[in-house]
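Keep in mind that what you see is a predicted model, and the values were worked out from it rather than measured.
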Amino acid sequence: VRRLAAINSLSPGCSAASMLAMAGRRAAAATAATCHLRAFSSDAQSMFASTPRLQKALEQTPDPSTLGAQFTCFNESCSKRFSLDDVIYRCDCEKSRLLDVDHDMDALRAAMSPEEWRALFDRRSGSTLWPYGSGVWSKKEWILPHIHDDNIVSMFEGNSNLFWAERFGKTMGLSELWIKQCGLSHTGSFKDLGMTVLVSQVNHMMKTGKADIKAVGCASTGDTSAALAAYCAAADIPCVVILPRGKITTAQLLQPIANGAIVLNVDTDFDGCMKLIQQIVGEMPIYLANSLNSLRIEGQKTAAVEILQQFDWQVPDFCVVPSGNLGNIYAFWKGFNQAYQLGLVDKVPRMVVAQAHNANPLYRTFAAGSNTLSKEYFQAVKAQKTVASAIQIGDPVSIDRAIFALNQCDGLVEEASEAEIMDVSARADLTGMFTCPHTGVGLAAVEKLRAKGTIKEDDKVIVISTAHGLKFTSSKVAYHEGALQDVISTYANKPIDVPEKASALLDALKSRIG
């Protein structure tokens, strides 16, 4: 039994008009029931029978024994496959490529029609049905079909808001600019989507004796460590995180500390931390949780399917993803592509990677190839300090994945300077948002592509907001104080200091309001 979760989360596909009604229904559900059921007894199924939506979700779940998923080498010329229960991160072939989770697509097609898959996902998402109310586990058959519900570690992540940035979009000449607010999650970033899958698989392997694992570890620029620490704490699994000293925010550092992780601060950058964690997991029974591990991709890809649900299974024209280590751009493409391959939609959106100028190896690769992508043009860089610290990565481990995904959908790469990031973030905030700097990178990329005419006025454009703005307040404070180096705070809004006199307050207000 688990506590009722995600009562306030917005189900995909929910219209603005139905939000109040949904809130009322969920408040009633919270009063009537305060738990999720892990296993469905006859009494539980009888209880759910009074809720047609949930009863159908119970009755029409595909048999997991008919489905399958394995690790496969990302090298197309290699046919090696591995069990998801194997502790392995790269293929042992001569190219030592990363792995991908390969699903039996024929089995998925046979299990349900496109219409049935759409209906199943829509019924599950945002419900109180364990574990299917999660935005990730509502697509369980597309993620880890073999895992028992009892071993799933979930905080009902996902189901995040798809915000219509109508007012800000108009400033760019766009009628349909949408922000997928993945930062409205348990630890404040989209990393929760992948971590629930990875930690659930680890929990499964530990409980079933599939592998000798004593802890889970990662290198991080902040958000990965926060997500890993939270999900490990929920599962009572030891957690180890390696962080670059002084290069993450206080909020990001506090999260793994609060969740009981072993925190190692190292005088290096993220790329240095990444090399260290790979050495450590080779010497100790610590399971690697970085995006080198393709299990996380499986959770992150569900946000793409969620976007399709929220648009009533209509495909946007562009999806813009701020990216550093580049696993997330492959994840979003994979989610869209899986829906396309199984016939749920008729196309895949054009994907765009948005990078900070100070950490832009993929953008340089794109420019070197005259706006085409090839690994032969790629060179790692020494990432310079950027306000978008979570993507301050110069040697991305998922470079092959990113190039493959972008080439499949005529994808693009754009960059943004520090001034562009902060100015566009400030302008967006003035329309009611509260953006993290990484979202600012995405918005700046949209503005540039709109100015070039690549994005048209009536295109439906999605920007992935990867984290909550409250995790990055220091950069906003510095911007409004005019304290950021090489940034002219054009849209700074400084507080007005006034004496304790009504007349002084009136004078100050008249100067601003008129």
Hey, what's the ring geometry for F311 with W178, parallel, tilted or perpendicular (30° and 60° as the breaks)? perpendicular
For N159 versus S134, what's the shortest heavy-atom pair and its separation? ND2-C, 3.9 Å
Please round to the nearest 0.5 Å and tell me the distance separating atom OG1 of T221 and atom CE of M274. 11.5 Å
Residues F366, L406; criterion side-chain contact (heavy atoms from CB on, under 4.5 Å); working and verdict: CA-CA 10 Å; F366 188 64; L406 291 171; over 6 Å; no
Counting only heavy atoms not in K210, do more than 12 sit closer than 6.0 Å to its NZ atom? no
Test item: S125 side-chain N/O and D122 main-chain N/O as donor-acceptor pair under 3.5 Å: no
Main chain of G173, side chain of R450: is a donor-acceptor contact present, judged purely on distance under 3.5 Å? yes
Pick from K301, R401, K334: which one makes a salt bridge (charged side-chain N to carboxylate O under 4.0 Å, His left out) with D100? K334
Strictly distance-based, threshold 3.5 Å: is any side-chain N or O of N407 a donor or acceptor partner for the main-chain N or O of I403? yes
With a 4.5 Å limit on heavy-atom distance, are the side chains of E298 and H103 in contact? yes
Could you report the tightest heavy-atom contact between A402 and I329, atom names first, then the distance? CB-CG2, 3.6 Å
Looking only at side chains, do Q338 and K139 share a donor and an acceptor under 3.5 Å apart? no
Would you confirm whether N151, through its side chain, and H148, through its main-chain N or O, come within 3.5 Å as a donor-acceptor pair? no
Are any side-chain N or O atoms of N161 and backbone N or O atoms of Q181, one a donor and one an acceptor, separated by less than 3.5 Å? no
Contact check, side chains of V136 and D192, non-hydrogen atoms, under 4.5 Å: no
Kindly compute the distance separating CD1 (I152) from NE2 (H204), expressed to the nearest 0.5 Å. 11.0 Å
Search all heavy atoms of P322 against all heavy atoms of N328 and return the closest pair with its distance. O-ND2, 2.9 Å
Which atoms form the tightest heavy-atom contact between I307 and F336, and what is the distance? CD1-CZ, 4.3 Å
To the nearest 0.5 angstrom, please state how far the CZ atom of F121 sits from the CD atom of E141. 6.5 Å
For K347, I'd like to know if atom NZ has over 12 heavy atoms of other residues, nucleotides or ligands within 6.0 Å. yes
Would D149 and W137 count as having a side-chain donor-acceptor pair, cut-off 3.5 Å? no
Any side-chain heavy atom of P114 sitting closer than 4.5 Å to one from L344? yes
Step by step, would you call L184 with H468 a side-chain contact (heavy atoms from CB on, under 4.5 Å)? CA-CA 6 Å; L184 300 182; H468 200 292; 3.6 Å; yes
Between Y330 and W333, is the gap from one ring center to the other below 6.0 Å? yes
Test item: T196 side-chain N/O and V153 main-chain N/O as donor-acceptor pair under 3.5 Å: yes
Has F434 got more than 12 heavy atoms of other residues, nucleotides or ligands less than 6.0 Å from its CZ? yes
Spell out, as yes or no, whether a donor-acceptor pair under 3.5 Å connects the side chain of Q355 to the backbone of Y363. yes
Considering non-hydrogen atoms only, spot the tightest contact between A234 and M155 and give its length. CB-CE, 3.6 Å
Is any side-chain heavy atom of Y287 closer than 4.5 Å to one of I237? no
Is there side-chain contact between L108 and Q341, with at least one heavy-atom pair below 4.5 Å? no
With the threshold set at 4.0 Å, does a side-chain nitrogen-carboxylate oxygen contact exist between E115 and R118? yes
Option among L362, L373, D395 that satisfies the side-chain contact (heavy atoms from CB on, under 4.5 Å) test with F378: D395
Tell me whether the count of non-hydrogen atoms from other residues, nucleotides or ligands lying under 6.0 Å of CG in D92 goes above 12. yes
Can you tell me how far the OG atom of S154 sits from the CE atom of M195, to the nearest 0.5 Å? 14.0 Å
Any donor-acceptor pair under 3.5 Å linking the side chain of R296 with the backbone of G194? no
Stepwise side-chain hydrogen bond (donor to acceptor under 3.5 Å, both in side chains) test for K471 and Q255: CA-CA 10 Å; K471 298 181 78 170; Q255 286 179 287; 3.1 Å; yes
Can you confirm whether F168 sits close enough to L443 that some side-chain heavy atom of one is under 4.5 Å from a side-chain heavy atom of the other? yes
Going by atom types alone, do Y89 and N290 pair a side-chain donor with an acceptor below 3.5 Å? no
Which distance, rounded to the nearest 0.5 Å, do you find between the OG of S220 and the CG of L228? 8.5 Å
Listed by chain and number, what are the salt bridge (Lys or Arg N to Asp or Glu O under 4.0 Å) partners of D85, not counting sequence neighbours? none
Shortest non-hydrogen contact from T439 toward S465: OG1-OG, 2.8 Å
Tabulate below the donor-acceptor pairs under 3.5 Å that side-chain atoms of residues 64-74 make, not counting sequence neighbours, or state none.
unit_1	atom_1	unit_2	atom_2	d
S65	OG	D63	OD1	2.9
S65	OG	D63	OD2	2.9
T66	OG1	D63	O	2.6

Does any part of the side chain of L84, heavy atoms only, come nearer than 4.5 Å to the side chain of I147, both counted from C-beta? no
V197 vs T302, test: side-chain contact (heavy atoms from CB on, under 4.5 Å). Steps then yes/no. CA-CA 11 Å; V197 174; T302 63; over 6 Å; no
If we ignore hydrogens and angles and just use 3.5 Å, is the side chain of E306 paired with the main-chain N or O of S160 as donor and acceptor? yes
Strictly distance-based, threshold 3.5 Å: is any side-chain N or O of S294 a donor or acceptor partner for the main-chain N or O of I297? no
First locate atom SG of C182, then atom CG of L162, and finally report the distance between them rounded to the nearest 0.5 Å. 9.5 Å
Given side chains that start at C-beta, do those of F82 and C91 come closer than 4.5 Å, heavy atoms only? yes
Report the C-alpha distance between S398 and N325 in whole Å, list the side-chain angles of each, state the deciding distance to 0.1 Å, and finish with yes or no for side-chain contact (heavy atoms from CB on, under 4.5 Å). CA-CA 6 Å; S398 291; N325 223 11; 5.7 Å; no
